[in-house]
Each structure stands twice: as structure tokens, then as C-alpha cells.
Number of protein chains: 2
Amino acid sequence: MADILQQPEQGATRAEAVLKQLQTAIVQGELAPGSKLIEAELARRFGTSRGPLREAIRDLQARRLVRTTPNAGARVASLSAQELAALYETREALEGMAARLAATRMSVEQIDELETLLEQHAVRIRSDQGVGYYQEEGDYDFHFRIVHGADNPVLANVLLDDLYQLMRMYRYRFSVGSGRADRALEEHFRILEAIKDRDGELAELLMRRHIGAAGSRLKNETTQDTQNTPITKE
Amino acid sequence: MADILQQPEQGATRAEAVLKQLQTAIVQGELAPGSKLIEAELARRFGTSRGPLREAIRDLQARRLVRTTPNAGARVASLSAQELAALYETREALEGMAARLAATRMSVEQIDELETLLEQHAVRIRSDQGVGYYQEEGDYDFHFRIVHGADNPVLANVLLDDLYQLMRMYRYRFSVGSGRADRALEEHFRILEAIKDRDGELAELLMRRHIGAAGSRLKNETTQDTQNTPITKE
DNA sequence: AAATGCGGTATTGTCGACAATTTAGGCTTG
DNA sequence: CAAGCCTAAATTGTCGACAATACCGCATTT
């Protein structure tokens with residue numbers, strides 16, 4: 001039980017382990033958007049050679065968390081307000097679709113489990129414990145289950161692997177949704193109701209609104225300082 | 001004008017060049033779905049070392065054209081009928097969204113250009129020349145412009161980089177849409193009309209139908225032999 | 001004869017060194 | 001003083017070799 005802070009072993013291959021560590025470093029904001037990723041430096045930090053690190057960077061590029069230009073290296077993605085809006089727009093369409101499909105494809109067991117999950121959330125929020133928890137993991141968990149309930153592997157891949165990490169990254173920075181947990185939970189319950197009724201059309205509509213609300217709040221928070229300039233530090 | 005067949009130089013870096021060559025080899029079916037990608041062999045073939053080749057494979061993995069399992073190598077993606085349906089389902093949602101957005105965001109110049117493009121297609125089809133061309137490049141071109149007209153970089157990225165190549169790969173194999181060029185063109189014109197009217201809702205509906213039709217035809221072609229088994233050769 | 005363990009071979013994962021390219025700073029030059 | 005070149009440092013791209021792992025055929029055992 002020696003090294004809890006440093007747990008360097010994860011994943012089958014070294015490249016995978018580096019990928020995970022690097023991804024969390026980016027998502028949690030330790031590596032600021034726009035900052036340069038120097039291969040040699042990161043390789044030293046993660047105790048590996050440049051080979052696996054390079055592969056990790058390429059994976060992150062696919063997930064839109066970094067951008068690389070040939071011969072000039074990689075930088076942490078830095079989304080402009082416009083791109084951030086585009087991200088939410090796309091998410092709205094995809095998760096709306098997920099909700100519609102989930103309404104017809106989720107099993108009753110899955111629906112039951114989702115309901116108990118939401119009830120647990122309700123308890124947590126009423127007791128004012130874990131508000132932060134709810135916003136992070138709980139919200140993610142709800143959307144995650146909807147996407148899985150849609151039973152569409154392509155959709156799941158695009159949303160969970162590609163787009164979600166990007167949003168988590170920016171959610172971190174603004175701590176989006178402060179004090180909106182109860183409202184969000186209410187919306188989650190409504191979506192659940194629509195799914196229980198097997199009303200795909202309604203579920204899609206509610207989900208789109210739910211995400212649209214989050215997107216417009218995000219827009220307000222960003223446009224106060226930046227209008228077209230990237231949201232970055234360096 | 002010596003080597004037209006073999007033009008080994010493409011892209012700024014070797015990995016990029018390999019990526020393009022390998023991707024076309026896969027999309028055109030030269031490397032059958034399910035077949036194994038042996039790094040040493042491909043490296044020899046493309047006249048490079050395993051390093052750049054490895055990076056190309058990782059890029060293709062992000063585009064869902066290959067699947068890798070740690071320590072066991074990469075194989076050309078082999079979609080089951082179910083996954084293929086999921087692919088079209090997702091495309092339907094995304095391109096529907098693209099059409100809706102394009103209806104409000106495309107400039108009149110862009111719309112004019114799109115109209116002349118379709119008129120050229122009409123001429124080609126009526127004269128019975130280039131039916132094959134239309135189905136391949138022309139159709140792609142139309143959808144490409146709609147996606148760009150939506151002015152949403154995330155959407156464009158997901159559709160064009162990730163999903164489109166996969167579909168081209170399977171379109172090749174079945175030569176989907178044989179003799180449907182005139183019908184497809186008609187549908188394209190209707191979508192254009194909706195965009196000219198700035199009627200996003202209608203444009204979305206028409207686009208979804210347009211793609212849904214292609215998807216169900218594809219489904220018919222595949223379910224005749226395979227129901228749950230992957231569509232592959234080896 | 002079927003299952004299981006055991007090599008040997010093929011293939012992938014990782015590393016360190018070298019080549020090519022970009023980047024930064026100083027110097028010259030107009 | 002500004003602009004442009006030119007060198008040097010830093011960084012990325014590429015390669016070949018070695019280590020680790022998975023795959024395959026064969027012998028052995030029950």
C-alpha cells in the first residue's frame with residue numbers, strides 16, 4: 001500500500017497506460033488548452049519512451065482532445081466559443097436520437113435500474129450531500145445509460161469516446177451547471193417518464209431541450225469574455 | 001508522366017502517405033474485411049519502417065476502418081449487419097441535422113453552386129454517361145456540400161472523417177444503389193428546394209428519408225445471406 | 001481419439017539513436 | 001531601425017534492433 005498517488009500501471013500495453021494518464025491530465029485541466037505537448041518531456045514524466053507516447057497522442061487526436069500539425073507537434077485542443085457551440089449542437093442531435101431509440105429498445109430491467117438510479121440521485125440532492133458528485137458522475141451516468149439503451153454501437157462510440165471527454169474538459173473549467181442539479185434531475189425524470197411510456201418522440205424532444213439548456217448556459221459563461229478568440233491560457 | 005499507377009508520394013510526412021494508401025486499399029476492398037494487417041509486411045509494401053505504419057493503423061482505428069486488439073494486431077473492420085444498420089441510423093440523424101442547419105446557414109452563393117452541381121448530374125444521368133460516376137463521386141459531393149453548409153466543424157469531422165469512409169467501403173462491395181441514380185437525384189433536388197425555401201424542418205425530413213431508403217436497401221442486400229454473422233471473407 | 005501441455009515461430013510492443021524539420025535569436029544589411 | 005538571412009538549439013520524424021507476447025503444430029497423456 002505504498003504508492004497510491006502514483007499508480008503507473010494501467011492497461012495492457014504501455015501506450016494504453018500513457019493514454020489514460022495523459023487524457024485525465026488534459027480533461028482535468030492540468031495541461032491547459034493550447035499548451036504544447038513535448039514528447040520527450042511527457043515521455044520522461046510517464047516513465048516510457050517516445051514511441052508509446054506518440055501513439056497515445058494520436059489516440060487523443062482522434063478524440064479531439066489534442067491537435068497536431070506535422071513537424072510542429074501537438075497542442076491541447078482549445079475550442080473557440082463557436083466550436084463549443086458546435087459541439088453542443090451535435091451532442092443535442094445525437095443524444096436526442098439516443099433518447100428516441102432508447103424509448104423503444106430499453107428493456108424493462110434497464111428502465112427499472114435507471115429509475116432507481118435517479119431516485120438515489122434525488123436522495124443525494126435533497127440531503128444536499130454530493131451536489132458536486134451528482135453533477136459530475138451522476139449526470140454522466142444518466143446520459144451514459146441512455147446512450148447504451150439506444151443499442152447502437154456507432155452512436156455509442158462517437159458520443160462516449162469522441163465527444164464526451166471534450167465536454168468533460170470544458171465542464172471542468174467552468175464548473176458548468178452550478179446549482180442546477182435539482183432542475184437537471186427533474187428533467188431527467190421527465191425523460192425517464194417518456195421512455196417508460198415508450199414515447200420516443202417525446203423522449204427525443206425532452207432530451208434535446210435538456211442539452212440545449214446546458215449549451216446555452218455554457219454560451220453565456222463563455223461569451224462574456226471571449227467572442228471569437230479561443231478559450232485558452234497560453 | 002512515367003508512374004501514374006504508382007504514385008508513392010503523398011502528404012507531408014511518411015505516416016500520412018501510408019495512411020492514405022492504406023485507407024484506399026481498405027476502402028476499395030483490396031484488403032478484405034476481417035483480414036489481418038501484418039505490420040512488417042505492409043511496411044515492406046509501402047517502403048517504410050514499422051513506425052509510421054503503426055501510426056497509420058492507429059489513425060484508421062480512430063476512423064473505425066480497422067480494429068486492433070492489444071498484442072494481437074489489427075484487422076480490417078468487418079461490420080455485422082446489425083452494425084451496418086447502426087451506421088446508417090447514426091448517419092440519418094447526423095445528416096438530417098446537417099440538412100436542417102444548412103437550410104438556415106448556407107449562403108445564396110453556396111446554394112447556387114449546389115444547384116448547378118445537381119443540374120450537371122442531371123445531364124450526366126440523362127445522357128446515360130457516368131452513371132457509375134454519379135453514384136460514387138457525385139452523390140458524395142452532394143452530401144459533402146450539405147455537411148459543409150451546416151457550418152458545424154464537429155459534425156463535419158464526425159461525418160466526413162469517421163463515418164463516411166466506412167460507408168464508402170461497404171458501398172463498394174455491394175455497389176449499392178444500382179439503377180437508382182435518377183431517383184436519388186430527384187430526392188437531392190427536393191432537398192435543395194427545401195434549403196432554398198429556408199425550410200430546415202422539411203430539409204431534415206427529406207434527408208432522413210433519402211438516407212433511410214439507402215439504408216433499407218442495403219439491409220435487404222445483406223440479410224439475404226447473413227443475419228448476425230459478420231460480412232467478411234476470411 | 002480428445003484434451004492438454006510444450007516448444008518454436010511469427011508478430012507485436014518498446015527502446016535508443018540518428019535524420020529532418022521547425023523555431024528562436026543574433027547578426028548583417030539596406 | 002526594420003527586415004531578412006543564417007546559425008544553433010530544440011523538437012519531431014524515422015529507422016533498426018531487441019524484448020515480450022501470442023499463435024501454431026506436435027507430442028504426450030488419459
Side-chain angles (χ1 to χ4, degrees), chain A residues 6-23 25-26 31-63 65-78 232-234, chain B residues 7-23 25-26 31-63 65-78 230 232-234:
Chain A
Q6 283 285 50
Q7 55 181 46
E9 308 295 347
Q10 272 191 10
T13 173
R14 231 162 281 220
E16 271 185 60
V18 171
L19 172 63
K20 287 187 185 179
Q21 297 184 61
L22 193 52
Q23 173 161 321
I26 290 175
L31 295 170
S35 60
K36 193 159 194 285
L37 298 180
I38 297 168
E39 295 179 0
E41 175 189 324
L42 291 174
R44 249 199 343 270
R45 167 172 172 179
F46 295 127
T48 182
S49 81
R50 278 177 52 218
L53 191 116
R54 230 148 187 290
E55 307 205 346
I57 286 183
R58 248 178 149 82
D59 281 1
L60 290 175
Q61 185 183 13
R63 300 181 187 189
L65 285 177
V66 309
R67 287 176 184 169
T68 67
T69 47
N71 290 320
R75 289 179 173 275
V76 178
S78 171
T232 172
K233 277 187 175 171
E234 156 175 328
Chain B
Q7 56 181 44
E9 309 295 348
Q10 272 190 9
T13 174
R14 232 162 280 221
E16 271 186 59
V18 171
L19 171 63
K20 288 188 184 177
Q21 296 184 62
L22 193 52
Q23 172 161 321
I26 290 175
L31 296 170
S35 60
K36 192 156 194 288
L37 299 180
I38 296 168
E39 296 179 358
E41 175 189 324
L42 292 174
R44 248 197 348 268
R45 168 171 170 178
F46 294 128
T48 182
S49 82
R50 278 178 51 220
L53 191 117
R54 229 150 187 290
E55 307 205 346
I57 286 183
R58 253 186 146 79
D59 280 2
L60 290 174
Q61 184 184 12
R63 299 180 187 188
L65 284 177
V66 309
R67 287 176 183 166
T68 67
T69 48
N71 291 320
R75 288 179 174 275
V76 178
S78 172
T232 171
K233 275 187 176 173
E234 160 174 324

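All heavy atoms count here, side chains included; hydrogens, waters and symmetry mates do not. Keep in mind that what you see is a predicted model, and the values were worked out from it rather than measured. By convention in this document, chain letters (A, B, ...) are assigned in the order of the sequence lines, proteins followed by strands, and residues within each chain are numbered from 1.
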Is a side-chain donor-acceptor pair under 3.5 Å present for B:Gln23 with B:Arg63? yes

Can you find a heavy atom in the side chain of A:Thr13 that is under 4.5 Å from one in the side chain of B:Asn71?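 No, too far: nothing below the 4.5 Å cut-off.
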
Is there a side-chain contact between A:Leu22 and A:Asp59, using heavy atoms and a 4.5 Å cut-off?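 No; the side chains remain at least 4.5 Å from each other.
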
Of all nucleotides in DNA chain D with an atom under 4.0 Å from a non-hydrogen atom of chain B, which is the first and which the last going 5' to 3'?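 First and last nucleotides in contact are D:dG13 to D:dC23.
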
Can you list, by residue number, the residues of residues 42-58 of chain B that have a non-hydrogen atom closer than 4.0 angstrom to DNA chain C? B:Arg50, B:Arg54

side-chain contact (heavy atoms from CB on, under 4.5 Å) with B:Leu37: which of B:Leu53, B:Leu60, B:Val76? B:Val76

List in chain and number order the residues that pass side chain to side chain donor-acceptor pair (under 3.5 Å) with A:Gln61, two or more places apart in sequence or in another chain; answer none if no residue qualifies.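 Counting only residues at least two positions away or on another chain, A:Gln61 forms a side chain to side chain donor-acceptor pair (under 3.5 Å) with A:Thr68.
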
Under 3.5 Å, side chain of B:Arg75 to main-chain N/O of B:Gly34, donor-acceptor pair present? yes

If you take all heavy atoms of A:Pro33 and A:Ala77, which pair is closest and at what distance? CB-O, 3.3 Å

